[in-house]
2 protein chains.
Amino acid sequence: MRNSQRRGGPPSIVEVARAAGVSTATAGRVLGGYGQASAASRTKVEEAAQRLGYRPNGLARSLIHGSTETVGVIVTDIGNSFFASAVRAVTDVVRAAGYEILLANTDSDPAAEQRALTVMWEKRVDGLVIAPQGPGTAERLRTMAEAGLPTVLLDRPLAALPQVDQVTINNTACARSAVAHLTRLGHRRIAVVSEAARDLDRLRDAPVRDGDDERPSAARLVGYLAALRRAGIDPDPALVVHSPYDRDAAERAVRRLLRRNPDVTALFCTDNVLSSGAVAALQDSGRVCPDEISLVGFDDQDWTTLVRPRLTVVRQPRRELGAAAGRKLLERMAERARSRAGTASAEPGDGDRTDTGAAEAAGNGREAVDLPAGERVVLRGRLITRDSTGPAPRPSGPTPLAAEPSGTMSNRRAPGSPSGEDEEDSA
Amino acid sequence: MRNSQRRGGPPSIVEVARAAGVSTATAGRVLGGYGQASAASRTKVEEAAQRLGYRPNGLARSLIHGSTETVGVIVTDIGNSFFASAVRAVTDVVRAAGYEILLANTDSDPAAEQRALTVMWEKRVDGLVIAPQGPGTAERLRTMAEAGLPTVLLDRPLAALPQVDQVTINNTACARSAVAHLTRLGHRRIAVVSEAARDLDRLRDAPVRDGDDERPSAARLVGYLAALRRAGIDPDPALVVHSPYDRDAAERAVRRLLRRNPDVTALFCTDNVLSSGAVAALQDSGRVCPDEISLVGFDDQDWTTLVRPRLTVVRQPRRELGAAAGRKLLERMAERARSRAGTASAEPGDGDRTDTGAAEAAGNGREAVDLPAGERVVLRGRLITRDSTGPAPRPSGPTPLAAEPSGTMSNRRAPGSPSGEDEEDSA
DNA sequence: ATGAAAGCGCTAACAA
DNA sequence: TTGTTAGCGCTTTCAT
């Protein structure tokens with residue numbers, strides 16, 4: 001009873017063919033736009049398809065072609081404005097090439113990430129953009145990449161995956177530049193709010209270099225440490241406060257910090273939601289910014305110019321990050337399509353080794369494409385100097401003779417930025 | 001040469017079966033978790049699958065089962081924090097039930113929306129959540145819904161689609177409540193920034209009721225007009241300023257408004273990005289808020305409590321909106337699954353009419369499920385009174401004798417809200 | 001418990 | 001130009 005009874009689903013091509021009085025092959029030819037068909041059958045088929053409300057079944061088509069015109073996107077939280085922007089950009093780029101987006105959130109949960117990867121794999125996405133969580137992911141990703149899935153890492157590098165393209169931001173340099181800005185202003189008690197505070201000890205000895213294996217929060221913490229070192233300041237663990245990516249948690253953390261360490265004169269936030277929590281805490285603390293305490297935020301969101309004082313921030317190219325990842329992915333997918341097309345005759349630059357040890361060694365006895373080394377794109381963020389950072393206040397005690405110039409107690413600008421905002425490179 | 005040569009793709013079940021020395025049927029049984037298999041073959045198959053890195057092909061599975069475990073989500077812009085939150089909530093709800101998300105942005109472009117719908121259709125999503133653009137979409141959506149695709153409208157009602165579930169917010173009531181708050185404070189020259197300003201003439205006579213056919217921006221404009229009418233104020237078209245959903249455009253629009261109409265004492269923004277543009281323009285204008293001009297924003301974002309004065313806003317339950325849509329969709333999909341399961345024997349509450357006129361009349365000669373009337377869920381937003389709204393200033397001219405009480409010129413609170421923020425219902 | 005075979009909806013050789 | 005047929009990878013009778 002193939003295709004004879006209606007089963008509730010949409011009409012298939014055989015129903016259209018029957019209605020049009022032609023074979024499924026001809027129906028396919030006109031509806032799929034391949035091969036040739038006479039004008040007569042063309043109209044008959046089109047009319048029938050129209051009447052029945054026919055839409056081709058992409059699943060069947062994909063099953064044959066081996067491609068789904070879909071790319072997977074895995075991030076921690078699409079509700080976070082950073083990823084919302086980045087994903088939007090990825091979408092725009094790949095959609096222009098005809099690809100749709102299968103989206104998954106992991107909430108930084110490795111198990112959720114594993115599940116997401118499995119799903120993407122089973123749904124046979126043509127490519128993958130992922131902001132990976134941890135080293136545990138690397139192995140799985142390598143397996144998938146070696147099995148031929150074009151993959152691009154977004155926002156977080158993975159040293160264990162040199163075969164894979166990685167698009168990131170120079171987080172360490174950005175953070176270093178932000179904190180150097182503070183030390184230059186004379187600050188010495190500089191606190192940082194970070195999701196990676198727990199890794200402090202490990203990061204003390206980490207190389208000061210971007211594009212390695214650290215997640216963004218850790219990379220930024222490394223930058224913080226580097227800037228302190230450069231200024232001859234010994235990092236005080238009490239000033240490295242941990243907070244998860246949650247505004248209220250950040251607010252509480254900063255409040256506690258200020259209570260316990262009233263001598264802190266500057267604060268560096270390593271993420272947009274941490275920044276917003278810190279601003280709230282600062283406002284609540286009654287300490288005036290930047291006179292009593294300076295603040296550098298991360299991620300140049302709209303509201304950072306709306307609050308007073310306007311926030312000095314590290315701006316990261318969120319959309320460009322997503323767009324770059326999308327473009328890289330398109331490249332890789334194109335390459336792969338090309339190589340698959342020519343796969344029957346000869347592998348480019350590689351004879352017809354059918355079952356050499358190399359492939360076996362890759363783990364699963366199947367053709368493990370040895371990929372050209374993955375490219376690393378490191379986009380540059382930069383420090384935007386605005387009004388929330390100013391010279392370090394005199395240490396408490398008897399007021400020194402060289403008093404502050406009068407009339408500048410509020411809304412003071414950072415020195416060297418006479419008007420508006422000032423951009424500072426962070427290379 | 002079925003499955004014999006490796007074609008670069010992942011291993012199929014026949015390769016696993018061969019490697020395990022069993023038939024594809026048994027391999028399927030153990031790998032798919034259906035039917036029975038002896039412990040012996042089970043281990044053999046599992047071992048082989050493991051070794052080959054086998055992952056079932058979801059496409060083939062879907063082709064058979066007729067379901068993809070995927071729901072489509074179509075919004076205007078996932079980069080907009082409103083949709084980012086809502087989509088996140090949808091994702092969480094449906095993912096818990098095992099569904100993935102196929103995401104598309106339309107940028108309010110009807111053509112893009114049509115394309116997105118086509119794609120979702122061809123990819124055979126099991127359900128659809130959509131923030132529709134316009135009446136043009138309704139027909140297409142109806143076709144799809146009648147063809148059996150569970151569909152839920154998000155954020156924007158469509159009167160032409162009574163068969164479909166709709167989850168929206170009481171936009172008109174919210175806006176009315178916001179503007180009533182202003183009139184109660186004595187404001188009479190109240191401007192509004194809206195994406196729907198061009199529809200002003202049409203909306204003058206629109207019924208003051210939520211859940212009809214207006215898009216959110218229009219519904220809010222209707223609420224604005226209603227509140228003015230109630231207060232006996234004749235709406236001045238010059239105070240209804242248009243702006244697209246773009247922060248800078250909104251800022252320019254408000255700046256122009258204030259230049260041309262210096263007598264405006266209050267401003268109502270109908271969207272989060274418009275709010276942020278308005279705040280910027282206000283700050284730039286040098287007019288002090290709320291003493292010289294009051295402001296009500298829309299959408300309670302984090303930054304609205306960070307700026308000074310803290311913004312009075314209409315809070316809308318963004319996440320709950322998405323969650324409700326997700327839940328409704330799950331319900332519908334479950335219903336449909338149930339009815340499809342029983343379709344071979346008997347339709348529930350409907351004899352086996354095979355080809356009655358009713359189905360034919362639906363347009364395409366196929367089974368047009370006549371759906372139970374769609375449900376409407378209207379979630380309630382509410383006004384949060386904070387510091388950006390205050391009594392209307394005295395009209396300019398000679399200062400009247402009844403002077404302002406001294407010492408309250410800045411950061412004044414709205415009357416009736418002695419401490420913190422005040423919630424006001426908007427039913 | 002297992003295997004052979006049909007079939008989901010479509011595309012692609014191959015014949016006619 | 002058109003129809004016949006095999007087959008994508010899997011599930012599912014139906015025999016055995």
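Chain naming here is simple, since letters A, B, ... match the order of the sequence lines and numbering starts at 1 in each. If you're wondering where the values come from, they're calculated on a predicted model, not measured in any experiment.
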Would you mind reading off the distance between [X] atom [atom1] and [N] atom [atom2], rounded to a whole angstrom?
X	N	atom1	atom2	answer
A:Leu31	C:dG9	CG	C1'	12 Å
B:Lys123	C:dG9	NZ	P	18 Å
B:Glu15	D:dC8	CD	P	10 Å
B:Glu122	C:dG9	CD	P	15 Å
A:Asn57	C:dT11	CG	P	10 Å
B:Arg18	D:dC10	CZ	P	13 Å
B:Trp121	C:dG9	CH2	P	13 Å
A:Gln36	D:dT2	CD	P	10 Å

Considering residues at least two apart in sequence or located in another chain, which fulfil the salt bridge (charged side-chain N to carboxylate O under 4.0 Å, His left out) criterion with [X]?
X	answer
A:Arg55	B:Glu122
B:Arg142	none
B:Glu335	B:Arg332
A:Glu113	none

With sequence neighbours excluded, tell me which residues meet side-chain contact (heavy atoms from CB on, under 4.5 Å) with B:Glu46.
B:Val30, B:Arg42
For A:Arg115, give me all partners under side-chain contact (heavy atoms from CB on, under 4.5 Å), at least two apart in sequence or on another chain.
A:Ala111, A:Ala112, B:Arg95
Which residues pass the side-chain hydrogen bond (donor to acceptor under 3.5 Å, both in side chains) test with [X], sequence neighbours left out?
X	value
B:Thr151	none
B:Ser41	B:Ser38
A:Asp109	none

Using only heavy-atom distances, determine whether the side chains of B:Thr118 and B:Arg140 contain a donor-acceptor pair under 3.5 Å.
yes
Let me know, please, whether B:Ala60 or B:Thr26 comes out on the 5' side of the other along DNA chain C by nearest nucleotide.
B:Thr26
Ignoring backbone atoms, establish whether B:Arg61 has a side-chain N or O less than 4.0 Å from OP1 or OP2 of D:dT11.
yes
Quantified as the angle between the terminal helix axes (five pairs each), what is the overall bend of the helix from C:dA1-D:dT16 to C:dA16-D:dT1 to 10 degrees?
40°
Counting only non-hydrogen atoms, which of residues 38-47 of chain A are less than 4.0 Å from DNA chain C?
none
Between the protein and nucleotides 12-16 of chain D, list every N/O to N/O distance that falls short of 3.5 Å.
residue	atom	partner	partner atom	Å
D:dT12	OP1	B:His65	NE2	3.4

From D:dT2, D:dC10, C:dC10, nucleotide with atom closest to B:Ile13 side chain:
D:dC10
NZ/NE/NH1/NH2 to OD/OE distance under 4.0 Å, A:Glu15 and A:Arg18
no
